[in-house]
Amino acid sequence: MNILVTGGAGFIGANFVYYELENHPDDRIVCLDKLTYAGNLQTLDKAMTNPNFRFVKGDIADRDCVFPLFEEEKFDIVVNFAAESHVDRSVENPEIFLKTNILGTQVLMDACRKYGIKRYHQVSTDEVYGDLPLDRPDLFFTEETPIHTSSPYSASKASADLLVLAYARTFKLPVSITRCSNNYGPYHFPEKLIPLMISRALAEESLPVYGKGENVRDWLYVEDHCAAIDLVIRKGREGEVYNIGGHNERTNLQVVKTILNLLDKSEDLITYVTDRPGHDMRYAIDPTKIHNELGWLPRTTFDEGIKRTIQWYLDNESWWKNILEGDYQSYYERMYKDR
Ligand code: NAD
Ligand code: DAU
């Protein structure tokens, strides 16, 4: 199989590149990534020497880059991770989210139509379902839950999902979609809750918790997400949507306190800051479909995964410290100053 992985220099895409190279050593993986602020070639260091891996710098929304690559490589499978992925940045500047997340998806699928593929897979998110109320713990997102978005980010991801399903019906493109809950693990960019809190706690800096910290996320260790996508692209049914999540719900405050406890740091570092506009209250996935059809189950509990993640950040300080030294500082100032 020749597999195109877009966005493979980002958090989940890179973990997926490593998962594929390890579990399918006969397959070839080509990574197409624009290397935005969230993309990091250092993350792919260990893949670069593998003869079955090729990295190409380019924009999924740029036809002049995407079409020749498809012509040259004759891909069997395309897995689209490339996206602008941070909700807070989408509140600040929605436009690039529409361009990459929607138009980029269109360009990739147009190339799939022209050059032919066995499967186009869209990596989507549980955020397309909106949120659930805190006082109804019996409710979960299923694949039938209506699309109901809150942020420019989730609206762009939902738009892409609709376009993917439209290409399946109108052009008979063989597609699949996975909608996953919050991931965590190695190579997670430190603008997101868990790596931001780990890096700041280690430096004994204040930990900015939005609102009261009572919002709930359903955490999934990134390797479990990669295993689920791998199953769907090889064995999942065409035209189907699969939800991925591991019943690991935690409030943000629980997550932050767990990190502080494991690092033996004081809870006095917690600082409550102005809430995110339109902040979703609770995400919770019902993964029954992928379990019943493909036998997928998460392997990593939150208690185990968060320990492993913290250990990874302790062992790979130079990876995240390099990021903190760059444009990240002005991002942090902009987002959190006077908040
Ligand atoms: P990320 O922000 O860490 O990485 C995104 C990658 O895409 C980066 O390497 C970036 O350089 C690249 N990219 C951005 N724009 C591009 C473009 N126009 N052309 C080519 N490459 C481009 O994101 P992530 O957290 O790894 O998320 C990956 C995918 O998974 C996204 O589609 C996201 O919506 C989805 N998702 C993420 C989570 C999560 O918890 N992080 C959960 C569910 C779904
Ligand atoms: O659910 C899947 C989604 O998970 C993905 O589609 C997104 O790409 C990914 O970024 C993530 O979105 P969230 O908005 O849930 O993740 P984030 O890490 O930004 O925030 C998690 C929670 O923590 C959320 O309730 C906001 C809160 N938060 C976040 C930051 C960065 C804080 O309280 N303080 C912070 O500084």
Side-chain angles (χ1 to χ4, degrees), residues 5-16 31-41 43-44 56-62 65-66 79-91 96-97 99-101 103-105 107-108 122-129 131 141 150-151 153-154 156-157 160-161 178-185 187-197 200 206-220 222 225 229 244-245 250-253 255-256 270-276 278-285 332 335-336 339:
V5 176
T6 69
F11 165 45
I12 308 174
N15 278 282
F16 185 74
C31 168
L32 173 65
D33 197 296
K34 187 178 170 186
L35 296 181
T36 68
Y37 79 91
N40 188 345
L41 264 193
T43 302
L44 290 172
V56 178
K57 183 172 190 269
D59 184 341
I60 59 163
D62 177 4
C65 157
V66 169
V79 187
N80 182 24
F81 290 92
E84 290 293 333
S85 71
H86 192 34
V87 173
D88 292 325
R89 289 187 192 251
S90 82
V91 175
I96 186 67
F97 284 74
K99 183 155 186 261
T100 290
N101 299 2
L103 296 179
T105 298
V107 169
L108 286 174
Q122 180 73 1
V123 180
S124 186
T125 167
D126 59 359
E127 297 202 16
V128 302
Y129 299 122
D131 63 353
F141 296 136
S150 311
S151 70
Y153 163 69
S154 56
S156 70
K157 293 294 289 184
D161 282 13
T178 44
R179 294 182 179 145
C180 190
S181 58
N182 286 62
N183 284 217
Y184 67 106
Y187 303 115
H188 204 182
F189 194 86
E191 67 188 347
K192 307 283 170 64
L193 180 77
I194 288 182
L196 183 139
M197 296 300 170
R200 291 187 67 82
S206 65
L207 307 188
V209 170
Y210 297 168
K212 295 182 188 148
E214 61 190 4
N215 305 63
V216 170
R217 297 293 183 265
D218 182 2
W219 293 97
L220 186 73
V222 63
H225 185 189
I229 294 173
I244 308 172
R250 297 284 187 287
T251 66
N252 293 337
L253 208 49
V255 170
V256 173
I270 294 174
T271 313
Y272 295 93
V273 301
T274 308
D275 211 351
R276 170 186 282 173
H279 197 173
D280 282 336
M281 283 317 302
R282 171 175 170 251
Y283 302 145
I285 283 276
Y332 195 87
M335 283 289 176
Y336 293 91
R339 186 163 183 164

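Since the structure is predicted, the reported quantities are computational estimates derived from the model, not experimental observations. Remember, it's 1-based here, ligands and their atoms both numbered in the order they're listed. Values below: all heavy atoms of this structure, side chains included; hydrogens, waters and symmetry mates excluded.
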Legend entry - Per-atom contacts of ligand 2 with Thr125, taking only distances under 4.0 Å to non-hydrogen atoms: 1 (O), 2 (C), 3 (C), 5 (C), 6 (O)

Inset, instruction - Can you figure out which of Arg276, Lys192, Arg339 has its heavy atom closest to atom 19 (O) of ligand 2? - result: Arg276

Legend entry - Identity of the nearest option to atom 2 (O) of ligand 1, non-hydrogen atoms only, from Ser85, Gly8, Gly185, Ala61: Ser85

Legend entry - Axial cation check for Tyr210 ring with Arg339, 6.0 Å and 45° limits: yes

Inset, instruction - Take every heavy atom of Tyr37, measure it against each atom of ligand 1, and state whether any distance is under 4.0 Å. - result: no

Legend entry - Contact atoms of ligand 2, heavy-atom distance to Val209 under 4.0 Å: 33 (O)

Legend entry - Proximal atoms of ligand 2 relative to Asp126 (non-hydrogen, under 4.0 Å): 1 (O), 2 (C)

Inset, instruction - For the pair Phe141 and Tyr283, name the ring-plane relationship: parallel under 30°, tilted 30 to 60°, perpendicular over 60°. - result: tilted

Legend entry - Tyr336 neighbourhood, listing ligand 2 atoms whose heavy-atom distance to it stays under 4.0 Å: 30 (C), 31 (C), 35 (C), 36 (O)

Inset, instruction - Just go through Thr36, Ile60, Leu41 and tell me whose heavy atom is the nearest to atom 19 (N) of ligand 1. - result: Ile60

Legend entry - Parallel, tilted or perpendicular: ring planes of Phe189 versus Tyr37, cut at 30 and 60 degrees: perpendicular

Legend entry - ligand 2 to Tyr153 polar contact by distance, N or O atoms, under 3.5 Å: yes

Inset, instruction - Compute the minimum heavy-atom distance from Ser124 to ligand 1 and say whether it is under 4.0 Å. - result: yes

Legend entry - Region of Asp126 that comes within reach of ligand 1 [heavy atoms, distance under 4.0 Å]: neither

Legend entry - Gly58 to ligand 1, any heavy atom closer than 4.0 Å: yes

Inset, instruction - Measure Asn252 to ligand 2 on non-hydrogen atoms and call it side chain, backbone, both or neither using the 4.0 Å cut-off. - result: side chain

Legend entry - His279: numbered ligand 2 atoms lying under 4.0 Å from its heavy atoms: 24 (C), 25 (O), 26 (C)

Inset, instruction - Any atoms of ligand 2 less than 4.0 Å from a non-hydrogen atom of Tyr283? List them with their elements. - result: 1 (O), 15 (O)

Inset, instruction - Under 4.0 Å, heavy atoms only, figure out whether ligand 2 is touched by the backbone of Leu193, its side chain, both or neither. - result: both

Inset, instruction - Could you list the atoms of ligand 2 found under 4.0 angstrom from a heavy atom of Arg217? - result: 15 (O), 24 (C), 25 (O)

Inset, instruction - Any atoms of ligand 2 less than 4.0 Å from a non-hydrogen atom of Glu191? List them with their elements. - result: 31 (C)

Inset, instruction - May I ask you to check if ligand 2 and Leu196 share an N or O to N or O distance below 3.5 Å? - result: no

Inset, instruction - Between Thr125, Ile12, Thr178, flag the one that comes closest to atom 38 (C) of ligand 1 by a heavy atom. - result: Ile12

